[in-house]
Amino acid sequence: MRRYKVPLRRVIFIGVEGVSDRAFVTFLQNCCDEKGLHLHLNVGLGHGGDSVSVVEEAARYLNRHFERRDISDKLVMLDSDRIRQDKQAGRDAQSVASKENLELIFLHPNLEGLLLRLHEGHGNRRIGNNAEAELRKVWPEYSKQLTADQLSQRFALSDLQRAARYDTELKRLLKILGL
């Protein structure tokens, strides 16, 4: 009887701030599965706060749950619209991420802005200060308690790829994932 060795999935850790961000990562996992990629996205859910708090929580989660060698990539998704305010308060997420060997992925200006750009015809749209209000104009049912199923019903991998043409951070994330 022959035994076949099943290759281990490549594990990518993604630290996030909240529930909607976690749903987005689960949506990304679904896209990876549909494409047949042999990887697992492990999400570390933060508890809000500023960007440094999210990075610190991601580092604590990794230290509690994994041996660092088990993770091929260690990412943290952050809203870019908070970075300036955090730096003015003396809180630099990039320096903390560097010390913890975490790579930052910035959502421009935030998750709602990214979701808006996933809609057909909005890929290169400039987003103002209130991305959530702008998103609700094209997606009135949007809720901060977003689920991966809601994202999967509304968007596909092709929407991510189209938006990535105009968003270097999204393009970089998709490249890391192999999408």
Side-chain angles (χ1 to χ4, degrees), residues 7 9-46 48 51 54-55 58 61-62 71-83 93-94 97 102-179:
R9 286 179 175 249
R10 184 173 139 228
V11 178
I12 297 175
F13 170 80
I14 304 179
V16 299
E17 178 184 352
V19 174
S20 291
D21 302 285
R22 180 177 56 193
F24 180 71
V25 173
T26 303
F27 168 69
L28 290 172
Q29 178 71 64
N30 295 341
C31 291
C32 292
D33 293 345
E34 287 173 19
K35 193 167 180 193
L37 300 178
H38 200 67
L39 63 88
H40 171 71
L41 303 182
N42 187 292
V43 182
L45 181 62
S51 300
V54 174
V55 173
Y61 180 90
L62 276 169
I71 308 289
S72 67
D73 294 278
K74 297 172 286 275
L75 314 172
V76 179
M77 288 188 339
L78 296 174
D79 295 342
S80 68
D81 62 356
R82 299 180 64 174
I83 299 303
Q94 186 63 60
L102 296 168
E103 186 174 347
L104 299 181
I105 301 287
F106 293 100
L107 305 177
H108 295 288
N110 50 34
L111 179 64
E112 288 81 8
L114 173 60
L115 296 176
L116 177 58
R117 288 193 314 277
L118 292 182
H119 287 85
E120 185 83 38
H122 295 272
N124 63 348
R125 181 175 175 171
R126 296 280 182 232
I127 314 245
N129 290 337
N130 197 345
E132 185 176 346
E134 292 183 49
L135 176 61
R136 286 183 190 279
K137 289 176 186 173
V138 295
W139 189 5
E141 306 82 19
Y142 171 75
S143 162
K144 285 272 195 188
Q145 299 303 310
L146 191 62
T147 67
D149 286 340
Q150 290 170 313
L151 288 169
S152 293
Q153 290 169 9
R154 190 151 189 106
F155 304 113
L157 174 57
S158 59
D159 297 314
L160 285 167
Q161 292 168 329
R162 184 183 62 250
R165 288 186 230 145
Y166 308 101
D167 183 334
T168 56
E169 290 290 289
L170 179 59
K171 181 184 274 185
R172 189 165 62 92
L173 176 60
L174 296 184
K175 183 177 181 182
I176 290 167
L177 300 179
L179 294 171

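Heavy atoms only: backbone and side chains are in, while hydrogens, waters and symmetry mates are out. Residue numbers start at 1 and run along the sequence shown. Worth saying up front: this structure is predicted, and the values here are computed from it rather than measured.
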side-chain contact (heavy atoms from CB on, under 4.5 Å) assessment of Leu146 paired with Leu115: CA-CA 11 Å; Leu146 191 62; Leu115 296 176; 3.7 Å; yes
Side chains of [X] and [Y] in contact at under 4.5 Å (non-hydrogen atoms):
X      : Y      : answer
Leu102 : Leu75  : no
Ile105 : Leu78  : no
Ile83  : Gln94  : no
Asn42  : Ile14  : no
Glu34  : Leu157 : no
Leu179 : Leu37  : yes
His108 : Ile127 : no
Val76  : Glu103 : no

Taking [X] for its side chain and [Y] for its backbone only, find out whether a donor-acceptor pair lies under 3.5 Å.
X      : Y      : answer
Asn110 : Glu112 : yes
Ser80  : Leu107 : yes
Gln161 : Leu174 : no
Gln29  : Leu41  : yes
Asp167 : Ala164 : no

Smallest separation among heavy atoms of [X] and [Y], with atom names:
X      : Y      : result
Glu169 : Phe106 : OE1-N, 2.8 Å
Glu134 : Arg126 : OE1-O, 4.3 Å
Thr147 : Ala23  : C-CB, 3.6 Å
Ala163 : Arg117 : CB-O, 3.7 Å
Arg136 : Ser143 : NH2-CA, 4.4 Å
Ser72  : Ile12  : OG-CG1, 3.7 Å

Tyr61 and Phe13 aromatic ring geometry - parallel, tilted or perpendicular at 30°/60° bounds: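 Answer is parallel, since the angle falls under 30°.
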side-chain contact (heavy atoms from CB on, under 4.5 Å) between Arg165 and Lys171, intermediate numbers included: CA-CA 7 Å; Arg165 288 186 230 145; Lys171 181 184 274 185; 5.9 Å; no
Pairs satisfying salt bridge (Lys or Arg N to Asp or Glu O under 4.0 Å), at least one member in residues 9-31, at least two apart: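 Pairs touching residues 9-31 that pass the test: Arg9-Asp33, Arg10-Asp73, Glu17-Arg82.
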Atom [atom1] in [X], atom [atom2] in [Y]: separation rounded to 0.5 Å?
X      : Y      : atom1 : atom2 : result
Leu135 : Lys137 : CG    : NZ    : 11.0 Å
Glu120 : Asp159 : CD    : CG    : 7.0 Å
Leu104 : Ser51  : CG    : OG    : 8.5 Å

Criterion side-chain contact (heavy atoms from CB on, under 4.5 Å) on Leu114 and Phe24, from CA distance to verdict: CA-CA 10 Å; Leu114 173 60; Phe24 180 71; 3.5 Å; yes
Arg162/His122 under side-chain contact (heavy atoms from CB on, under 4.5 Å): CA gap, chis, key distance, verdict: CA-CA 10 Å; Arg162 184 183 62 250; His122 295 272; over 6 Å; no
Any donor-acceptor N or O pair under 3.5 Å, side chains Tyr142, Gln150: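 The answer is no; no qualifying pair exists.
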